[in-house]
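Numbering of ligands and ligand atoms starts at 1, following listing order. Just so it is clear, the values below take in all heavy atoms, side chains as well, and ignore hydrogens, waters and symmetry mates. Bear in mind the structure is a predicted one, so any value in this text is a computation, not a measurement.
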Amino acid sequence: MKFGKTHYISEITPELQGREVVVAGWVYRKRDLGSVQFLVLRDSTGILQMVAKEGECNEETLQAAKRAGIESSLRAKGIVRQDPRAPGGVELVLKELEVVGPSEDFPIKGKEGPEFLLDHRHLYLRSRRLQAILKIRAEAIKAMHEWFYKNGFIETEAPTIIEQVVEGGATLFELNYFGKKVYLTQSSQLYLEAFITAFEKVYTIQPSFRAEKSRTWRHLTEFWHAEAEMAWADLNDMMDVVEALVKYVAEKVVERRSEELEYLKRRFEPPDGRFPRISYDEALEMAQRKGSKLSWGEDLDTPSERMISLEFETPFFVHRYPRQSRAFYHMPDPKRPEVLLCADLLAPEGKGEIVGGGQRIHDYNLLLERIKEFGLDPSRYTWYLDLRKYGTVPHSGFGLGVERTVAWIAGIRHIKDAIGFPRTPTRTIP
Ligand code: NSS
């Protein structure tokens, strides 16, 4: 069968009334009325109603339409007809139909629970819901690259197999590397700190790994991490950069993916104005007023973050966490050594932390002291310490969780749905 140029479904508009076109895609829905067959075709750009009717097409086409099960792949040729009742205001009157890949008894019928859908993720990717979320994700990542590029950051890559603890021993994945114990990276930060001596402003977007047993809505064992590091930058500079980046990403997603947000019934306004900046002390007080039992010195837990984050309409920073609550590399505040020059960005609506970062220790002796204080082996940090020995500079950086950011923008409950194939403590397949 000769078909000619294939159109995307979004290109089939009422202006093409009466024209012959070819489309290709998968059967999204169907209705069998015997002598009339309705097929709704889906591709990456939308859905299109197609009709095969006795008298309007040959018998072969009618039979092919009858045979085509849900999610079979098709190529179809037909005439565009305006129909205000059809999605997009047009339907296709079928002339020829080729079932390219048949599909019988597609396992997902629409009423399955979340575990079943995760087991069948390779098939569930075709759902319009995941399609919409993953398009938003792709747009967010693209906007991040754009922002970094426009603002003079050089893209770099860090290794995945590393020897250093970055964010604490409790969440390390160990690997047997020819008999030596190494880890999957928790963050590219230490490597970005090396790159800044070559490029000053650098970033990377790549996976980080955490052996998180906590099964909250916001933890994955493998997540995508957008991290940046800047020479000659302090905590305030870092917060300015995070604010500008997050605003840009939110704006671009709304500008370019409004249809997908609408499909998800997400009313999302990109934040404008300055993001509030509150201290850990203020945040803790807010949480305590709302019933949190945390005391000064403890990191804000998920429920406390949630309570605080419900009070805000835009993302906001919480800065200067207690010294004992954060990783070894954070710079203590010279004015108040019991707190660190660090900040998290929390998303509103109860979502909580999406970014963590701050100013790093750039003094050799202080860093060595902190490495020992944390019970880490300084010999594994020789190269990292070297950076403080040869032309050290004040510097700051941050890491943004891609899935958490997408979950906030798209308004989805669990970050599992913000990535194609999520990894959790109990799931490594598909
Ligand atoms: O642990 S972080 O708060 N900070 C770091 O890893 C720094 N070393 C980053 C840096 O300064 N270059 O993680 C940063 C963000 C955090 O705010 C979350 O948005 C995300 O990474 N994150 C996660 N997302 C999904 N699942 C898990 N388990 C997870 N852990 C962190």
Does [X] come within less than 4.0 Å of ligand 1, judged by its heavy atoms?
X      : value
Glu229 : no
His330 : no
Ile415 : yes

So which protein heavy atom does [atom] come closest to, and at what separation?
atom                    : value
atom 16 (C) of ligand 1 : Glu353 OE2, 3.1 Å
atom 7 (C) of ligand 1  : Glu167 OE2, 3.3 Å
atom 1 (O) of ligand 1  : Arg210 NH1, 2.9 Å
atom 15 (C) of ligand 1 : Gly399 O, 3.5 Å
atom 18 (C) of ligand 1 : Arg404 NH1, 3.5 Å
atom 12 (N) of ligand 1 : Glu227 OE1, 2.7 Å
atom 28 (N) of ligand 1 : Leu220 O, 2.9 Å

Hey, does the Lys NZ or Arg CZ of [X] hover above the aromatic six-ring of [Y], less than 6.0 Å from the centre and inside 45° of the axis?
X      : Y      : value
Arg31  : Phe38  : yes
Arg326 : Tyr329 : no
Lys247 : Phe275 : yes

Which atoms of ligand 1 are found less than 4.0 Å from any heavy atom of [X]?
X      : answer
Glu212 : 28 (N)
Gln189 : 7 (C), 8 (N), 10 (C), 11 (O), 12 (N)
Val355 : 17 (O)

Evaluate [X] for polar contact with ligand 1, using N/O atom pairs at a separation under 3.5 Å.
X      : answer
Ser187 : yes
Ile354 : yes
Gly357 : no
Arg360 : yes

Structural part of [X] in contact with ligand 1, heavy atom criterion under 4.0 angstrom:
X      : value
Arg218 : backbone
Leu192 : neither
Arg326 : neither
Tyr329 : side chain
Phe223 : side chain

For Phe116 together with His120, are the ring centres under 6.0 Å from each other? yes
[X] with [Y]: basic N within carboxylate O range, under 4.0 Å:
X      : Y      : value
Glu353 : Arg218 : no
Glu305 : Lys351 : no
Arg266 : Glu349 : yes

Is a side-chain donor or acceptor of [X] paired with a backbone partner of [Y] at a separation under 3.5 angstrom?
X      : Y      : answer
Asp333 : Leu340 : no
Tyr280 : Gly297 : yes
Ser73  : Gly101 : yes
Thr392 : Lys389 : no

Assign the ring pair Phe153 / Trp147 to parallel, tilted or perpendicular, where the plane angle (0 to 90°) is split at 30° and 60°. tilted
Going by the rule salt bridge (Lys or Arg N to Asp or Glu O under 4.0 Å), which residues pair with Asp417 if we only count those two or more places apart in sequence or in a different chain? Arg121, Arg129
